[in-house]
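Let me begin by presenting the structure, written as structure tokens, before commenting on it.
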4 protein chains.
Amino acid sequence: MARKRSDDKRRRILQAAVKVFARKGYFAARVAEIAARAGVADGTIYLYFRGKEDILVSLFDELMAEHVERASQEMQAVEDAPSRLRLIAEHHLRALGADRDLAVVFQVELRQSTKFMERFTASWLGRYFDLVGSVIEQGQREGTLRADVPRKLVAKAFFGTLDELVTSWVIGRKDYDLALLAGPAVDLLLRGAAAAGASTSGRAVLSVAAGRGGR
Amino acid sequence: MARKRSDDKRRRILQAAVKVFARKGYFAARVAEIAARAGVADGTIYLYFRGKEDILVSLFDELMAEHVERASQEMQAVEDAPSRLRLIAEHHLRALGADRDLAVVFQVELRQSTKFMERFTASWLGRYFDLVGSVIEQGQREGTLRADVPRKLVAKAFFGTLDELVTSWVIGRKDYDLALLAGPAVDLLLRGAAAAGASTSGRAVLSVAAGRGGR
Amino acid sequence: MARKRSDDKRRRILQAAVKVFARKGYFAARVAEIAARAGVADGTIYLYFRGKEDILVSLFDELMAEHVERASQEMQAVEDAPSRLRLIAEHHLRALGADRDLAVVFQVELRQSTKFMERFTASWLGRYFDLVGSVIEQGQREGTLRADVPRKLVAKAFFGTLDELVTSWVIGRKDYDLALLAGPAVDLLLRGAAAAGASTSGRAVLSVAAGRGGR
Amino acid sequence: MARKRSDDKRRRILQAAVKVFARKGYFAARVAEIAARAGVADGTIYLYFRGKEDILVSLFDELMAEHVERASQEMQAVEDAPSRLRLIAEHHLRALGADRDLAVVFQVELRQSTKFMERFTASWLGRYFDLVGSVIEQGQREGTLRADVPRKLVAKAFFGTLDELVTSWVIGRKDYDLALLAGPAVDLLLRGAAAAGASTSGRAVLSVAAGRGGR
DNA sequence: GATGAATGAGCGTTCATTCAT
DNA sequence: GATGAATGAACGCTCATTCAT
């Protein structure tokens, strides 16, 4: 453990950083302000983090590892893929909907640069997509999900939809319960927006493109 | 004609800015580098823009106004809502898939801060959502789209899915044709991921939440 | 020429730097103070120099190149090696004795670190030793200087003596004319400190060691 | 015995400091690195020294007092001034030639600033010059050294020459035995660089000081 | 309009020193 | 005496912006 004395100080710095990053933005955020808000001296920051950037990266690494793990565990409560997707979505929206500052950091600050995005994608998001992808695969095997849709596309639609819901909520500053949207969102993803009986013209294209698309 | 030369400089500055913002990121981008790449003096930038931020904002305002307008026109080629959504999606993916630097700016750099995000949402994205929303409403009226799903939710799923597709493409650096994903993505949105005949348990929740969720 | 506009500004910065380095020492010297004393903005320094260290290095490179050149020219006024050594010594002591701040910079600040010392040795001092060495060689050829003393040793004694005279003068802060010591110092170097007729026991050792000694 | 352990720590700190100062330079040297190398905690340094500067000053005061004392004793082994100068020179070169790190500290680090230089001059160097000066005076009284040369000049030439030899050796990093240069250097100082019988053109200056002719 | 030299505010980080344990 | 976590003052440098030419 690289930590010196108190995990308490480390936690206070991270909490302060969430507030400051969310209110000022990563670049405009001042290390001195984070320190002041955490109740430590400026230099103390550097006993716990390598620098300003390491604070942001640590926020993401440490807090989110927990959430992916938790989503993975929570979904075990049910068996079928559709239900599991619903639980994951609920957890996703609940976790970010519970703390707007944290949501700002995740929806906005962590996407500052392609550098952060790549890191974001490579670690947390990668594992998240793996989790969702495995549930989708399960659904296709058990017959609850269409097998003619590329798994990656479904995963991206799933994540993209949730991500947009969170971003809208963060930016809109309206005070509704984000987690309540999990059910409708997953229902839409599963049943589609088309009216029953309506024919959709996407079929041909779909079969052509099936299997394509990297991440 | 002086006017013409000026417009040329302005365009060159914006084009240079796209390259520099995409490669360095907004904060790390140097005004001097944009000027050099545009072939103008540093000070000349300030004859055309109020400052660095104004370049980014102008990029978005000017280039994207065109895309929303074009998407609106292109969709007139077909009548029914599902087809129109497909055309809009194709245009969305084609426009960003044609220029990765531009895509980086839109997917990453323009989302630097809540300030940019809010401006982004208020102008271009607002009109884009209005466009998509009106098509969805049309679909609900004409019976091609389910009427029991909140329009805003469908619009967010539509945009969120496309946005995630673009972001994945940008970050992944793999060289596939983004526009080919429009058909499968819209098909998924319309028909859903659930296998035919599978019952989804989201119904009850959906009806409870129907009508909720602002942005 | 890397310089932008005015050589005047560059010169003013160098002159200010001599004062500040001499009074505060290199490390304690503040770039802001140099700028203020030169009458330019802090940032202007960086239009003319790569950084604080480059100011010190430039001081040395630019001002001293001139002195070596001048010493080389001045000594041409006479023919025999002893006279030439006297002229070089006079120039050395006159140049540094004319400006105590400059002397402080050369005797003290430029010797901050082995890094500076090595650079110092490699460029200016190297050429200076070459100059002195060539005069000594001339003297040995023409028969005015002993041939049984390693040239490098004589050169080091020559430089070391002058260097110590300057350093003593700088540190002592007494107000005598440094250049007046050139004659006596060179006389001592040439004729030695021993009384005529006194036998010195160094001979054997000398011949053993003759030819040794790197720099 | 606590006293013994303390002295041991103090010595270890000083030894560590020589290494660190020599390798990094005084300013770049980190107190923490000295502590680590000495095997004590950072704070422990301050139980033995007032601060970083005090370590350097103490190094010089304590280690060099010993050397001056020893040089003074060693020269008693012989009687005449020339021999005594030779012994002092040998001791000077041997002491510094035995430990390059120590030599770096003395030739380079201790000359960082006029402040150090003045202190250096006032204490150790002052006593060293007194010692050398008294030997020169003795030589002039006993008739082995010319009486027409200012004692201080001879002392400065003596020290300056040795100092330059040490500095060259330190900077040059060549691996010859520094102490072997004592003989030739003192021989040069005593007998001069001029060839026997050669008339030196310094005569005019010399005759001012009532000097003698060439040998 | 165009230039580019000049400006100067602004800040992340280091590290000598302290002091509670 | 010894420790080492905590402190916080201090500063070189960058770069968006200005303005005299």
Side-chain angles (χ1 to χ4, degrees), chain A residues 3-6 9-10 27-36 38-55, chain B residues 2-3 5-6 9-10 26-36 38-55, chain C residues 3-6 8-10 13 27-36 38-55, chain D residues 2-3 5-6 9-10 26-36 38-55:
Chain A
R3 297 166 200 180
K4 301 289 168 20
R5 181 96 65 142
S6 75
K9 278 211 176 73
R10 186 184 175 87
F27 276 94
R30 300 298 145 222
V31 172
E33 187 177 348
I34 295 173
V40 301
D42 292 12
T44 303
I45 297 273
Y46 296 86
L47 294 176
Y48 294 90
F49 300 94
R50 250 165 306 161
K52 187 182 173 182
E53 182 176 321
D54 189 41
I55 301 177
Chain B
R3 179 66 189 149
R5 194 156 80 230
S6 289
K9 271 199 178 112
R10 183 184 178 88
Y26 175 74
F27 276 94
R30 301 299 152 221
V31 172
E33 188 179 347
I34 295 173
V40 301
D42 293 14
T44 304
I45 297 274
Y46 295 84
L47 297 175
Y48 295 90
F49 300 95
R50 252 165 304 159
K52 186 182 174 182
E53 181 178 321
D54 188 40
I55 301 175
Chain C
R3 298 164 198 176
K4 300 289 166 24
R5 183 97 65 141
S6 76
D8 172 58
K9 277 212 176 73
R10 185 184 176 87
I13 292 168
F27 276 95
R30 300 296 148 224
V31 172
E33 187 177 349
I34 295 174
V40 300
D42 292 15
T44 303
I45 299 273
Y46 296 87
L47 293 177
Y48 294 90
F49 301 94
R50 249 163 306 159
K52 187 182 175 184
E53 182 176 322
D54 188 42
I55 301 176
Chain D
R3 179 69 188 146
R5 194 156 80 227
S6 289
K9 271 201 179 111
R10 183 185 178 88
Y26 174 75
F27 276 95
R30 303 295 153 224
V31 172
E33 187 178 349
I34 295 173
V40 300
D42 293 13
T44 304
I45 297 273
Y46 295 85
L47 296 175
Y48 293 91
F49 301 94
R50 250 165 304 157
K52 186 181 175 182
E53 183 177 321
D54 189 41
I55 301 176

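Naming convention: chains lettered A, B, ... in sequence-line order (proteins, then strands); numbering from 1 in each chain. As a basis for the values below, the full set of heavy atoms in this structure was taken, side chains included, without hydrogen atoms, waters or symmetry mates.
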(request) Once you apply the 3.5 Å cut-off to both distances, tell me the Watson-Crick or G-U wobble partner of E:dT21, or none. (result) F:dA2

(request) May I have the distance from A:Lys9 (atom NZ) to F:dT7 (atom C1'), rounded to whole angstrom? (result) 10 Å

(request) For C:Lys9 and C:Ala38, indicate whether the former's side chain and the latter's backbone hold a donor-acceptor pair under 3.5 Å. (result) no

(request) Produce a footprint string for nucleotides 12-18 of chain E: one letter per nucleotide, 5' end first; B if the base is under 4.0 Å from any protein heavy atom, S if only the sugar-phosphate is, - if neither. (result) SBBSSBB

(request) State, to 0.1 Å, how close A:Phe27 and A:Lys52 come at their nearest heavy-atom pair, and which atoms those are. (result) O-NZ, 3.1 Å

(request) Would you mind telling me which residue lines up with the more 5' stretch of DNA chain F, A:Ala41 or D:Ala41, judged by nearest nucleotide? (result) D:Ala41

(message) Under the rule for salt bridge (Lys or Arg N to Asp or Glu O under 4.0 Å), what residues qualify as partners of C:Arg50, not counting sequence neighbours?
(response) C:Asp54

(request) Can you tell me the distance, in whole Å, between the CZ atom of C:Phe49 and the C1' atom of E:dA5? (result) 16 Å

(message) To the nearest 0.5 Å, what is the distance between CG on D:Leu47 and CZ on D:Arg10?
(response) 11.5 Å

(request) Would you indicate which nucleotide in E:dA6, E:dT7, F:dA5 comes nearest to any side-chain atom of A:Leu47? (result) F:dA5

(message) Tell me the interatomic distance from D:Glu33, atom CD, to F:dG4, atom C1', rounded to whole angstroms.
(response) 17 Å

(request) Search all heavy atoms of C:Ile34 against all heavy atoms of C:Ile13 and return the closest pair with its distance. (result) CG2-O, 3.8 Å

(request) For F:dA2, take OP1 and OP2 only and decide whether either is under 4.0 Å from a side-chain N or O of D:Tyr48. (result) yes

(request) Please report, rounded to the nearest Å, how far the P atom of F:dA6 is from the CD1 atom of A:Ile45. (result) 12 Å

(request) For the pair D:Tyr26 (side chain) and D:Glu53 (backbone), establish whether a donor and an acceptor sit closer than 3.5 Å, ignoring hydrogens and angles. (result) yes

